[in-house]
Every structure is written in structure tokens, then in C-alpha cells.
Amino acid sequence: MNSKEFLKEHAVYQIYPISFCDSNGDGKGDLRGIISKLDYLKDLGIRILWLSPIYKSPMFDMGYDIADYRNINPIFGTMEDFDELLAEVNKRGMKLVMDLVVNHTSDQHPWFQEALKNPQSKYRDYYVFRKGRKDKKGNYTYPNNWTSNFTGPAWEKVPGEEGMYYLHIFSKQQPDLNWHNPAVLKEVEDIMAFWMDKGVYGFRCDVISEIYKESYEDGKKASPFAPVGVEHYVATQGNHEILQKIQKDVVEPRGGVLIGECGGPITTEDGKKYEENGELDTFFEFDIANLNPSLLSMKIPPKKLKEAIIRWQTEVDWNGNYLENHDQHRVFNRYVYGKDELMGAKMLLTLQYTLRGTPFIYQGQEFASHDYPKPLRIEECTDCVTKATYQIARGYHLPKKLSLRLAHRYGREDERAPMAFDNESPDFGFSSNPKAKPWQPYNPLSQKYNAKDALKNSQSVLSFFKKINALREEKQVFTYGSISFLESPEDVLVYTRETKEAKALVVLNLSNKKRKIPESLSYYKDKKLLLENYSEESKILRPYEALVFLL
Ligand code: NOJ
């Protein structure tokens, strides 16, 4: 099997290192903690691991602000620990994907520090410095009207230089790199080669659709959820060309893969281009994650979910199928809720694993990790987005309670709670020191949702997860089969997967209501049932029922 097929045939499991497992008892997860859990992951059937950033970083945005691309953040360990982790991963027949954050660096990166200190230095052109415009009163103001993905203007004043600004489409601690400068591409290619030559399988490329700014003209507001200016930098021609070059120069010769995080949001047209030109081996789009109909609500109506899935599956060949990650709330309260929510979690796993594309699973998803039962107090929050959203809401004089609700809606605390390996100690098996103060509070729901309990229970989400992961590994029709959607009631999703050798049928009730089995489909009842989330037979589809048949 070649390296590109490996990513097609196996799911990816995302580790958020600071919250995964703490080996040295400081309340923060680390690399040796990950090593200690590799057998747990192997036993789940996982073959590809993706680590959120572990590079040296001031951690303003939890590592998505890199200060040194070739060194490990001491919080996580040393380069020796990393080498050992990689060797242990490979020894188990698994592969390791690193995060690559190259839209921006940290403002602490020596390149940026030098660029600030010495405007004549070559590093000045590694970033986007621009003179501001003058307002009616003759005062300098921002070079254009762009806003940042993290709220507020996308420009920050350069200290000590009148009227000079630098661009940051995320926080001001994350200055954007200038991808018009070939030296930046060369640096990034060297960094990638450095890690791949160690044996890293590939990269999950952070906001990769946004790196190449085509112009610095004023932007128009595209949608309530998109910052101003995106039309000048999302999925630009320059972006496509850079990715083709990186694949050709670095990734393909080393037998690796690129997984793109494509915010913006990108369209299915953009997605097609990324895959047709072999630029990205798979990618994450944001339509499905952003389906919630209002600013405060997180709930996604099943009908909308169905429409978006059909659109992406029909128009694009190979999606990165995810529902949770370190930026997205857990699926409960979003896609599934109510008394049958655990059936819902199994149904969603069935969806992720039987759609065409690579399934991406986020740590804890395998045993139904939930958001915190009630929002953390603002003083307990660690995420820069949570804090910025709260401050802005308060700045508009919104009441504290509403500000906190908004902050939690857009903030990223819930999904970053420490992992729960058991419920036998106050740290839920996260730390070697049960008394250590975790970097973020433990989730009391871990008492109920943790790996150890779930492993013992044959009806748990985790037991189901193991089955569906194994099913996809065993039956190639779920990897290589074409997909066709069949007529079905509005919140029921029915599709076939088909290769020359085999055909499978998937029936998913996306709603928490009973639904009739479509008449046209009753023929499948005497076919071989490969997997179901309920155990006894029924004449109707029960809430969140999932059925997978071999035809
Ligand atoms: C996407 C990452 O997933 C997120 O955590 C980060 O804050 C932004 N990119 C900026 O790097």
C-alpha cells in the first residue's frame, strides 16, 4: 500500500497533547504521557495519529503560535522524547502526523523579533508590514478594513514606527507570514523536510487555505460568521500553486501526506481543486460545522446536516470527515441530544466511518466525552477566543450571563478538558499525580464517560467505535466504494457504497424521533446486517438508529 492509500484506508485520531496524558505530574499532558497510552490507541484499532502543535511556543493560542519550528516545547518534553514517541508509534505499525502552522508564527519567533528590531533586516519581508491610511483628521489608521478571525481589526501598530502596521488574521500575537516572499516557502519546505526525514508521515496544515493574500484591497463582509477581507485570501490561485510545489518538492518524494484545514470557508469548487491537482490528500471544510442557524444556538437541524453532507459528498471526492476537534464542541447539544444521545453518538460514528473520505476522531470521542455540564467561570477559562469574545460582549454592555454564553458558544474550553482514562482517582487517570492542578478543570461528567468503564461495557460507545473502526479496515467497500444517495424522509439519510466486488447500504435516522422505514427500502431487511446501534429488530427506525447492510 502506498502512503496516500494508507490515509484513505485508515482513520486519523487527533491528540491534543496538553490534555491527553500527564506523565510528570505537572497537570499538563506531555509526550511521555502519549507514549504510555499508545497501547490503548493500538487496541482501539488506530493507525494514524495527529498531534496538535508541540513546538516551542508562548502558548497564547495553545501552540498554534510557534516560536521555534525545530524544537519541542519543554512543557511537552524534549527532542529525545519526541524521537522515542515516533519510534514507538512506528513500532506499532502506526504513523504520526504533525501540525504545521505557517499562515503565521508567534510574535515571539526570532524572525518577527528581528523584523521589529531592524526594519532593514531580510526578515522584515517575511511578514506583512504596511503603512496605514490617513483619516480625515490626518491621523494614521489601519491599511485596510480587514478584521481578524479572532475578532477586532486584522492590523496591529508597530511599536515605535509611526503609522506602520503588521497583518494578523488571527490574534495580534500571531503575525501573518508573507507568502509572496519565496524565502518563506523555502524556510517552510526545509522545516517540513526536517520532520519528515525523522520519519513523520505528514502534516495537518493549519488554515492552509488562507496563507496567500492576493491583494490588500478593502474587503466586504461575506457572512455573519466570516471576517472582513476573506475574499482576498481564501483558496487563491497562489495558494494552490504553493501547495503543488510543496507536494512535489517535499511531501511526495518522502512518501507523505498533507491534510488541509480549509477555513474561509471554502466552497466545494475550491475543495475539488485542492484534490484534483493533488495539492491536499484530504481536507476539512467548515460548512458542516457552521450549520447552526443562529448566533447563540449550537443545535444543527438534521435536515440541514443531511443537505450539507450530500452536497460535499457528491461534489468532492475525498472529504476529511470530522465532527469534533480541539476547536469544535463535542457532538452532544450540537448534532445529537435528548435521552437517546448515546445512540446518536453511535449513529454519528457510523456516518463518519461509512461516508466516502477519511474519518477523523478527536480524543475522547470514542467514549462519548461531553462538554462541561455547565460553563466554566470566565476566570477559569484558558482559550484566547473565549476570553476575547467575553471582553467584546462586555464592551458592548451585554449582561455578564449573556456574555458568558456567547464566550462559551464560540470559545474552545469544553473540548479541551483533560482526557478521562478512568474514574478511580480525582484526576480521572489523566495525571501521574492525582493531586496536580490540571491546566484546565476536569470535567465532572468523566465520572460517567471515561475509557475504563467504556471498555468494560459491550454496549458502550467505545465498544461500538472499535467495531466500526474494524469494519472499515476490513471491508474495502467503505474506503473505495462509490457513494450514491437514495430518496428518504427529510431527516433520514440513506446511501449505498459500491465497488465491483461489493455493495453496502447505510440507513441513518439523523433525528431523535421515530421514522418510518421508506417502503422502497424494505428489500434490505433480508440482507446481511453488518452493524447496528440498537440490538433488537424493529419495524420502524428508532431515534438515531443506524443500520449497515451488505447487499
Ligand atoms: C486553526 C486551529 O485549529 C486553531 O486552534 C487555531 O486557533 C487557529 N487555526 C489559528 O492558528
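Positions are given from 1 along the sequence. Read the numbers this way: they start at 1 and go in the same order the structure lists the ligands and their atoms. All values below were derived from every heavy atom in this structure, side-chain atoms included, with hydrogens, water molecules and symmetry-related copies excluded.
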Checklist entry - Is a salt bridge present between Asp249 and Lys186, judged by a nitrogen-to-oxygen distance below 4.0 Å? => result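 Here Asp249 does not pair with Lys186 in a salt bridge, since their nearest N and O are not under 4.0 Å apart.
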Next on the checklist: Is there a salt bridge (Lys or Arg N to Asp or Glu O under 4.0 Å) between Lys117 and Glu114? Walk through the geometry before answering.
Outcome noted: CA-CA 5 Å; Lys117 218 166 57 201; Glu114 191 55 34; 3.7 Å; yes
Next on the checklist: With no hydrogens and no angle check, just 3.5 Å: does a side-chain donor-acceptor pair link Tyr64 and Asp99?
Outcome noted: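 Tyr64 vs Asp99: donor-acceptor pair found between side chains.
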Item to check | Worked check of side chain to side chain contact (heavy atoms under 4.5 Å, CB included) between Lys213 and Tyr216 | outcome: CA-CA 7 Å; Lys213 281 74 184 175; Tyr216 293 96; 3.5 Å; yes
Atom pairs, nitrogen or oxygen, ligand 1 to protein, under 3.5 angstrom:
{"residue": "ligand 1", "atom": "3 (O)", "partner": "Arg204", "partner atom": "NH2", "Å": "3.0"}
{"residue": "ligand 1", "atom": "3 (O)", "partner": "His326", "partner atom": "NE2", "Å": "2.7"}
{"residue": "ligand 1", "atom": "3 (O)", "partner": "Asp327", "partner atom": "OD2", "Å": "2.5"}
{"residue": "ligand 1", "atom": "5 (O)", "partner": "His326", "partner atom": "NE2", "Å": "3.1"}
{"residue": "ligand 1", "atom": "5 (O)", "partner": "Asp327", "partner atom": "OD1", "Å": "2.8"}
{"residue": "ligand 1", "atom": "5 (O)", "partner": "Asp327", "partner atom": "OD2", "Å": "3.4"}
{"residue": "ligand 1", "atom": "5 (O)", "partner": "Arg412", "partner atom": "NH1", "Å": "3.2"}
{"residue": "ligand 1", "atom": "7 (O)", "partner": "Asp61", "partner atom": "OD1", "Å": "3.2"}
{"residue": "ligand 1", "atom": "7 (O)", "partner": "Asp61", "partner atom": "OD2", "Å": "2.5"}
{"residue": "ligand 1", "atom": "7 (O)", "partner": "Arg412", "partner atom": "NH1", "Å": "2.9"}
{"residue": "ligand 1", "atom": "9 (N)", "partner": "Asp206", "partner atom": "OD1", "Å": "2.9"}
{"residue": "ligand 1", "atom": "9 (N)", "partner": "Asp206", "partner atom": "OD2", "Å": "3.2"}
{"residue": "ligand 1", "atom": "11 (O)", "partner": "His104", "partner atom": "NE2", "Å": "3.1"}
{"residue": "ligand 1", "atom": "11 (O)", "partner": "Asp206", "partner atom": "OD2", "Å": "2.7"}

Checklist entry - Quick one: are the ring centres of Phe284 and Tyr322 less than 6.0 Å apart? => result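 They qualify: ring centres under 6.0 Å apart.
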Next on the checklist: Taking the ring centre of each residue, are Trp50 and Tyr362 less than 6.0 Å apart?
Outcome noted: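 Distance test on ring centres: not under 6.0 Å, no.
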